[in-house]
Amino acid sequence: MKIARFSRVGFILAAAGSAVGLGNIWKFPYITGEYGGGAFVFVYLLTVLLIGFSIMIAEMLIGYIGRKDAVSSFENIAPTHKHLWKYGGFQSLAGLFVMIFYSVVIGWIFHYIVTSLSSLPSSVQEAETTFNAMIHTDIATQLFYHSLAFIWITYVLTKGIKGGIEKMNMFLMPALMIILAGMFIYALSLDAFPKAVNFMFAADWSKINSEAFVVAVGHAFFTLSLGMGAIMTYAASMEKNSNIVKAAFWVVFLDTIIAIVAGLMLFTFLYQYGAGPAKGPGLVFISLPAAFYEMGILGNIFAVLFFIALAFAGLTSSVSLVEPMVQYFIDRFSWSRFKSSILMGLFFYLIGIIALLSNIDGYQELLTWGDKNFFDWVDYVTSAIMLPIGGLIMAVFVGFILDKRKVESLMKPQLGFAFETWYFSLRYITPIAMFVVMLNLIGIF
Ligand code: PFF
């Protein structure tokens, strides 16, 4: 049987499709708002450059030489203790866990595409009431759209690497970029644009505390899709003789530029028409629709296009979150792609319903432990704990476990003089940064 492989452009778009997701357009702007703008953006960009880019290359490398699902890839290429290193591949589970809440949020976005066609909320208060009514009381709507997300994602997965994943990304990624570019150009023409630039790039260091640092590092991982075996699983289907560094560069570049463009555009609209930047997770669902309202009919068009772009970003990432476990069952248990896709889909779909219910009045009390409900716990455990651990495992594996000569023979031709810097980052900078993040998470400083 011929093994399906991505084309070169197909791989870059699929990996960029994984990276560019709700993290870029929904989360990045609101955490930038919460942590005060410029200084936070600076720490985030530095992390992307010093740590994210290095781990992106490392993760691609493991997949590229391992050639299988993440568990088998670790096992295949670990020089010793294969039976232990294979557990590194179980990071793939984190992707399925992320999907538990990710799919519910995509459902909200679908719903917002439809409602933006007719009417927009005339004030932030109204927008807030509508949004809260949806997440706290409306089970039927959320369930309907969550089901739609499940069907779409599972369908694409059943079609495989070429006919499903590559095809979808080849269409949705350019569409997403065109929509965002168009809206960005409009934002450029508005008076408030310099204000948005100032907010995102003027650094006020007094706003940076250890929590902001940890959030910036955690987000750099999340937004680049690192530490979950997604990039690794895709890289197993790269063409022979691919240039990993070039591919990694493009993915990091596209992800970063799209986050910044989305951020600048949103803040421009919010300064020009709305209520200013800091509005938390409801930013794109509450403040933004109210700002679009002020634009009249153009606002409706923008709102629909914006939520379509957001849905595209979310769907391409979703597929990459589930694919590692789909591939795992295909490779290790000889399941058919169809069976594996459906069962993995059902997993996040059914548990996603619990996440959805945990926001609903009446169920919320049952599904809340400590200061977080089930939905928030899944978000927290995956992005704050599982991802950094996954990144750490990959950095240590490539930096210390794989034979340096082998790594050098493959990567030196691609990295040139930067090889030692990359290797140093994997061995020291990344582990130390991860360690600091974990200490902070368990409350040590
Ligand atoms: N990078 C995606 C985002 O920014 O929304 C989320 C994500 C996808 C995280 C795939 C991890 C992953 F493996």
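Quantities reported herein were computed from a predicted structural model and do not represent experimental measurements. Each ligand, and each atom within it, is numbered from 1 in the order the structure gives.
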Less than 4.5 Å apart, any side-chain heavy atom of [X] and any of [Y]?
X    : Y    : result
Q91  : F74  : no
M183 : F302 : yes
I106 : L22  : yes

Open item on the list: Angle between ring planes, F374 versus W369, binned at 30° and 60°: parallel, tilted or perpendicular?
Closed with: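 Perpendicular, since the angle between the ring planes exceeds 60°.
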
Task: Closest approach of any protein heavy atom to atom 11 (C) of ligand 1, naming residue and atom - done: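 Among all protein heavy atoms, the one nearest atom 11 (C) of ligand 1 is S225 CA, 3.4 Å.
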
Task: Nearest neighbour in protein (non-hydrogen) for atom 2 (C) of ligand 1 - done: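 Result: S18 O, 3.3 Å.
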
Open item on the list: Below 3.5 Å, N or O to N or O, backbone or side chain included: is there any such pair between M228 and ligand 1?
Closed with: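 No, no N or O pair falls under 3.5 Å.
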
Open item on the list: Y102 versus ligand 1: do any nitrogen or oxygen atoms come within less than 3.5 Å of each other?
Closed with: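 Yes; the residue has a nitrogen or oxygen that sits under 3.5 Å from a nitrogen or oxygen of the ligand.
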
Task: Selection from G314, G229, P324, A19 by shortest heavy-atom distance to atom 4 (O) of ligand 1 - done: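 The residue whose heavy atom sits nearest atom 4 (O) of ligand 1 is A19.
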
Check if [X] has a non-hydrogen atom at a distance under 4.0 Å from any atom of ligand 1.
X    : result
F221 : no
V98  : no
S320 : yes

Task: Per-atom contacts of ligand 1 with A230, taking only distances under 4.0 Å to non-hydrogen atoms - done: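 Per the distance check, 13 (F).
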
